[in-house]
Peer 1: 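Structure incoming, see below.
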Amino acid sequence: MQNRLTCTKKADMFKIAKGYDHVTKTIRLPEPIAQELEKLAYENSLSLNQLVVQCIQFALDHTASDENAESKQK
């Protein structure tokens with residue numbers, strides 16, 4: 001009897017998407033900020049990493065570049 005889950009071609013292999021490419025970085029946080037982030041992550045069923053990535057992305061999306069800041073002042 002043939003196992004239906006066996007893939008015969010490499011192209012048929014199941015690949016798990018990780019969502020995005022990543023690099024590993026080490027950061028140091030003040031203890032009160034780390035504690036607050038851990039609490040928020042727990043309360044929202046997120047990993048600390050997921051929360052930090054979302055926080056950084058939000059900050060990047062809402063940071064005005066010098067060019068954007070100048071055009072808003074006109």
Side-chain angles (χ1 to χ4, degrees):
M1 184 169 151
Q2 184 180 9
N3 182 349
R4 291 183 181 193
L5 298 177
T6 302
C7 295
T8 56
K9 299 182 223 171
K10 187 162 181 93
D12 293 337
M13 297 295 291
F14 177 73
K15 294 181 182 175
I16 299 172
K18 295 187 179 190
Y20 53 86
D21 291 334
H22 67 275
V23 295
T24 301
K25 298 289 181 180
T26 301
I27 60 171
R28 291 176 179 84
L29 300 170
E31 192 169 336
I33 292 175
Q35 290 172 347
E36 189 170 350
L37 288 170
E38 288 170 348
K39 181 180 176 196
L40 279 171
Y42 176 79
E43 290 172 349
N44 290 281
S45 300
L46 294 170
S47 70
L48 179 60
N49 187 74
Q50 289 171 315
L51 178 62
V52 170
V53 168
Q54 288 183 39
C55 290
I56 292 169
Q57 188 62 60
F58 181 85
L60 290 171
D61 291 346
H62 293 87
T63 299
S65 66
D66 290 339
E67 187 176 299
N68 288 340
E70 288 175 14
S71 66
K72 289 180 181 180
Q73 291 176 356
K74 292 181 182 182

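Along the sequence shown, residues carry numbers from 1.
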Peer 1: If you look only at distance, which donor and acceptor atoms sit under 3.5 Å apart when one is on a side chain in residues 53-61 and the other is two or more places apart or in another chain?
Peer 2:
unit_1, atom_1, unit_2, atom_2, d
Gln57, NE2, Asp61, OD1, 2.8

Peer 1: Could you grab the distance from atom CG of Asn49 to atom CG of Leu37, nearest 0.5 Å is fine?
Peer 2: 11.5 Å
Peer 1: Sorted by first residue and then second, give each salt bridge (Lys or Arg N to Asp or Glu O under 4.0 Å) pair with at least one member in residues 45-56; sequence neighbours left out.
Peer 2: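 Those involving residues 45-56 do not exist here.
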Peer 1: Who passes side chain to side chain donor-acceptor pair (under 3.5 Å) against Ser45, sequence neighbours left out?
Peer 2: none
Peer 1: Going by the side chain to side chain donor-acceptor pair (under 3.5 Å) test, which pairs reach into residues 34-44, not counting sequence neighbours?
Peer 2: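 Listed once each, the pairs are Glu31-Gln35.
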Peer 1: Can you list the residues that meet the side-chain contact (heavy atoms from CB on, under 4.5 Å) rule with Ile27, with sequence neighbours excluded?
Peer 2: Leu29
Peer 1: Does Pro32 have any side-chain contact (heavy atoms from CB on, under 4.5 Å) partners at least two apart in sequence or in another chain, and if so, which?
Peer 2: Pro30
